[in-house]
Each structure stands twice: as C-alpha cells, then as structure tokens.
Amino acid sequence: MRRIISILLENEPGALSRIVGLFSQRAFNIESLCVAETEEPSLSRITISTYGDDKVLEQITKQVNKLVDVIKVANLTERSHIEREILLIKVLAMNDKARTEVKRITDIFRGDIIDIGKQIYTVQLTGDDDKISAFIKILSNETEIIEVVRSGTVGIARGEKALRAN
Amino acid sequence: MTVERFSGAELLIKALAELDVEYIFGYPGGSVLDIYDAIFRQDDVSHILVRHEQAATHMADGYTRATGRVGVVLATSGPGNTNCITGIATAYMDSIPMVVLAGQVASSLIGGDAFQETDIVGCSRPIVKHSFNCRSVAELPNVVAKAFYLAATGRPGPVVIELPKDILIPDNVAPYVMNKDVKIRSYNPNVKGHSKQIKKAVETIVKAERLVVYTGGGIIIADAAEQLTALVERLNAPCTNTLMGLGGISGLHDNFIGMLGMHGSAEANKAMANADVILALGARFDDRVTNKVEKFCPNAKIIHVDIDPTSISKTVNAHIPIVGLVDVVIGQLDKELDAVGHKASDNQFNIWWDEINEWRKLNSFSYETSSELIKPQQVIESVYKHTNGDAYVTSDVGQHQMFAAQYYPFKKPRQWINSGGLGTMGFGFPAAMGVKVAFPDSHVVCITGDGSIQMNIQELGTCLQYNIPVVIVSLNNRSLGMVRQWQDMIYGGRHSSSYMDSLPDFIKLAEAYGHVGMQVNHPDELDGAIEKAFAIKDRLVFVDVLVDENEHVYPMQMRFGAVDDMWLKKGVKV
C-alpha cells in the first residue's frame, strides 16, 4: 500500500542523509522524496512516498521518529490530505498534428506549455501521482517523449491539522 | 578584564574534565596531535594508549558497562577512525553510551581525498545514535556536552564527533563556555509509562496463572536490578534473563530460572513457551531468544516495557506496549499493584512453580566429565569457585561465551560483560582491560577462546605499559568451537576453515609481552592452576586451558522451531 510520510526535522548538515540512510539500512522503500526548507529556516520538511503494510509503516514511523534530528513525523495517507507533484516533460512536436495533439491534451489536463523549441514542446503539469502518470501515458501514445522529470510528491493535511515544531 | 581564550584542543579537554571524564582510550595521529598536546599539558584526564583503535572502543565499552559512565575514545582521521567501526557497532547493538572523538583533516581539505581522510560521520551513520560535524571552535564544548547527553539518555548509544584539524590548532581560539543543561527540541525520550497502559498491565498480571518475567540488558543499563528483584519477589514469579540481562536478578536467586534462548536452560524456554503472560522488561525479543518468531509463545499475552518504541512490536507483537525507562515503569507497576490490593502472600503461581520445578529436574546444564580431558564447563566452574562468584567476567564470542553465561551465576548487574548483539570476537580482552582500569582491586577475568583472543592480542602490550593485570582464561580447543559445532550439527561434520592449525605458544607469547603464561591440559591440574592464576594480583596471567575439542554447547534450540524446541544433549530432545 502506498503511503505518504511527512517529516519535520532540523535543517542541519547530514540530517537528510540520516533519513535516506535509515530507509536503505532497514530495507524500506522510497518511491519519491522531496525536501526543502520551511518558513522557519532552521527546519526542513521532507515528504517521502513509500509503500508497505501496516507493520512496516509502524516501524518506518518509529524509526524515523527515533532519529535525533527529527521533530515530528506524520502519515498523511491515514487521513484526508492533499498531494501534488510537478512534472516537466519534453516531447517531440515535429508537425502540426503532433503540436495540436500535445496542446489539446495539455489543455485537458490543465497543464502549460512552458517552452518551445524548433521541434520540441516542454510541458509543465501539476497533480497527484495518478494524474501525472496518466498524462505521460497519453502523451506517449501521440508523440515521442524526449525527457521526463518529476518532482516527487509533496503533501499536506486537509483542514486545521498541521505539522509544526510546537 | 579580557576573557581567556583557548584552542579547540584545549577546549575539548576542559569540556571532558568538566564532564568528569577520567580516561580517554585512544591512539594518536596527524589530525589529533593538538589534542594529544593538550592532554600532555594537564592532569585532569588520563589517556590510555592502546595498540589498535578497535581495542580502544572495546576498552571504553567495558569501562562503561562496568561503571555506567560514558566511555571516551579518541582516534585520528582515516584508518584510526575506520578501525573504530567494529567497536562503535558493538556499543550500538548493546545500547552502550560512548563518545568517539574522531579526528578529521582540516575543513579546507575535506572532500578532496586528502591524506588519511575518510568520511567517518558517513561511515558510522548506521551504527551511531547520533553524530556531529563540529565546525566551530567556540561551539566545541557545547557539542561535547550534547554528545554526552545524547549518548547517556533515552536508549543509550555511541555518538561520534568529527573534529577537523583547523578547529583544534593553537592559532584558532575561543573562550570556554559550556552549557551542561542540554536541551534539544527534537529529542525528548519518554520517561514514564502511560498510566492507562500500567493499569492494563497490572490487571493482566494479577489475573495471570503462568507469568514469566523476561528481562534484558535494559535492566542492567537502568541500574534497576534491585527493583526488578523486589518486583519478582513480590509477585513470586519466575524470572529469566537474556544473555545481555544476566545479573539483573542474582543467578543464585530461587526465582531465577536461567538464561533463555538459543543456549538457555530448559526450564526458562519451557516456561516461556507455556506462559500465559510474559512481562518483558528492557528486552527486545532478539532472534537468538525467540527462535522462529511465528512459533514464539503463541498463548502468551505480552506486556513489553522498553525505552525505545522501535523495539516494541518489531519482531513479536506486544499486546500491552509501555514506552518508558524500565526503572521508572517498575516503580509505576509496583504502585499500581498496591492500588489494586495485590498481596505477596497470594501464592498466585503455586501450580505454575510445580510445573517449572519439574522442568528444572531435566538438569539441562549437566555434562559428563572425563578423567583425561578437561571439559570447558569445568573451567568456568573453577573460575567461579576461585573468584567467589564476585569477578567481573568479560567474554569474547563463541562456545566459551555461552559456557561462561551458563556456568557462572552472576550475582550482581554489570558483572557480566559480553558483546551480545553484534557478537564481536576480540571484544573480551580489551573490555576486561577497561573494567580493570575502573576497578583495579577487583578480580577481572576474560573468558576467551583460541580464536577470539587472537583478534586483539596486541593489547598485551597496553596491559604491561599501564599495569592492567587482568586474568585471561582461554578455553583452547584448537578450533573455532561454535563454527565447528554448527558444522558438526548442520554441515555433516565438514570442518571448513574452523581448525586452527598453527596456534602460537601462548605461554611464550604472554611472556614475550612481560606477563605470566600458564598452560593446563589435565583435569587434575585445573583447579590448582586457576587458583594460582587468581592469587597473582599484580601481573597479567594468561591461562591457556586445553579443553575437549569435541564438546558442544547444550541445550540448543532447534533451527526453525519454537522457543522450547531444544536439544538437551547430543541426539536427545527436551
């Protein structure tokens, strides 16, 4: 089962490597990982997308919590939440037909064409994992995909619930 | 008035002195020469020069296990640090507090593959509780204070501080400021158990018919042996210890039913398998205890008390988890027992004890003696006799370790010191040295074997230099006994690389280092030799005991079986 774990931790050298090291050392999976500073520069926020059963998830949460740098850990998938990922994709747009199709599909998915080369369109799309994967698949039916970069998932709980240092 | 300023090296030693550090175990090298210079110019902290950095970590570890005080290791960058890795991992697995001062090349050189540069923080990351890359002279005393605090609190463990040379040199100075009242916002280990859980636990305990109190190293680390004994007596329950937990209750106590697990007593493993409630205190259901997890104590309700939430329900699911310091939680359980009107005279477990006493009659630690060959078990019994059961006993890893755990009843906590989690051969001798440094007037004996002792034998030199007269008793069976035992039992007797064909003359070896060497090869001479060895108080004695090479450690759990599926003897099942 896919899970999204949010981690609030000290923004210190080595903190990220401890998290990543822990996952590989204990044979936990990482599907994607996002990390950046928060509004408070001494704190970082990590979102890890992983999969495993309840027992594995319990161990992941406890083990991450045990790291000295970690302030809080939350399993976003256990309650109502929002998740987003950003996709940048370069596709071949050699002729009118391909250009029209790429534009049409991008509009349907509410993405943006953000750069155009002689034969290339670069498209930006945000959405959850499902939407991004569907978009890539559909584009690949219409034209050749040159390059794909996905940011990995970030997530936040819905409503009042917030992950804060105190 | 100007504030006095010090180099990082001086600040470091001042900080250690303020934290009451008596000894640093270490080895010098280029990146830490400023620290060695600072050590030279003061008298508060002593340094013990080992012969290999791995031994420094084990010495610090042994010192800590015997005293409860944080051990300190100092090593130079590169190979000095990597040599510490095994010792750090050993301490980590057994939750031993340790601070490793790891020299590093100057900050400007880091990352450039400089001479004797390794990323020690990266290398040690999976085996430390925490680590610091210290980058500022002024911050150094506070980093040291934090490292000690982290090492010793919560679930203890090793902490590495990386010290680049440029923050140690004399031209880089700062005032000495250390805040001993450490607070870390991201680190707040639980102390007390949750009161609802305590209530649930006591409800379960008072209703139990077949309770077993199963305790581990947590009792030793928390200095909770007296409290444990009082609780066990109050409940009049059977108590078993893990290999790490021996001494948590006296090995001579009527309620003690022996060690459990792979080479535990029949009564301990039987009791576990038949228990209806297991009260686990500071133990972690290690695979050497549980045997096949799926078959482990199927009918027992498990109350698991541990300071580390990750230990709870990691392998065996706990019905009543309690996170807290084990000494505090025992106190809470005791109060709650009062609250529900529990009386010690209830004789709740009379029928249960009758059953256990039947299992005791299996006499699972009996063995046959011979008129010609010394049995390894006899050696341990002789050591027990001639130290009045009061010695600090360290061991290496293998058959001798199990024999020591089985045949030397430990009366007190911290008396038995071994590498239970990592199983580090080469641990015992330097660990014994660390103990002897702390307790020069006590008997300190390293029970070892001809394989293990050669893994840190160079420390005979250190013992002469600092006059550390430990007794080494080597159960010499001319082979790697435990490997050989498995090869006998599982690999059709094919002794692949378990035979030591070229052993040194250990008497001459001990003598070459300036110590006393003895050899015993006949049962009739054993007692006399052991007595003599312990009578020599001012010199290290190496007793090389030639024992029966065909002896196996029994009882032994059967592979993939339940906790009480055991071989009692060769070919005899329990």
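Letters A, B, ... are given to chains in the order of the sequence lines, protein chains preceding strands, and every chain is numbered from 1. The structure displayed is predicted, hence computed values, not measured ones.
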* Asked: Taking everything shown except A:R99 itself, do over 12 heavy atoms lie less than 6.0 Å from its CZ?
  -> yes
* Does B:S313 offer a backbone N or O that forms a donor-acceptor pair with the side chain of A:K55 under 3.5 Å? -> yes
* **Residue A:K72 excluded, over 12 heavy atoms near NZ under 6.0 Å** => yes
* Please lay out, stage by stage, how A:K66 and B:R155 fare under the test side-chain contact (heavy atoms from CB on, under 4.5 Å). => CA-CA 10 Å; A:K66 186 172 154 182; B:R155 180 177 182 175; 3.8 Å; yes
* Asked: Has A:D53 got more than 12 heavy atoms of other residues, nucleotides or ligands less than 6.0 Å from its CG?
  -> yes
* To do: Using non-hydrogen atoms and a 4.5 Å limit, figure out which bit of B:N188 sits close to chain A: side chain, backbone, both or neither.
  => neither
* Asked: Heavy-atom count around A:K131 NZ within 6.0 Å, excluding the residue itself: above 12?
  -> yes
* A:H81 atom NE2, neighbour heavy-atom count above 12 within 6.0 Å -> yes
* Asked: Just by distance, do the side chain of B:R185 and the backbone of A:E10 share a donor-acceptor pair under 3.5 Å?
  -> no
* In this structure, are over 12 heavy atoms from other groups packed under 6.0 Å from B:K314 atom NZ? -> yes
* **Under 3.5 Å donor-acceptor, A:K62 side chain and B:D308 backbone** => no
* Without hydrogens or angle criteria, can the side chains of A:R26 and B:T310 be said to hold a donor-acceptor pair below 3.5 Å? -> no
* To do: For residues B:P126 and A:Q25, report the shortest heavy-atom separation together with the two atoms involved.
  => O-NE2, 3.3 Å
* **Minimal non-hydrogen separation, B:S186 against A:I71, with atom names** => CB-CG1, 3.4 Å
* Counting only heavy atoms closer than 4.5 Å, note whether A:E58 contacts chain B via side chain, backbone, both or neither. => side chain
* Asked: Which bit of A:Q63 is near chain B, if near means a heavy-atom gap under 4.5 Å: side chain, backbone, both or neither?
  -> both
* Do you know which two heavy atoms are closest between B:H130 and A:V68, and how far apart they sit? -> ND1-CB, 3.4 Å
* So does A:L22 have more than 12 non-hydrogen atoms from other groups sitting under 6.0 Å from CG? -> yes
* chain A heavy atoms under 4.5 Å from B:I312: which part of the residue, side chain, backbone, both or neither? -> both
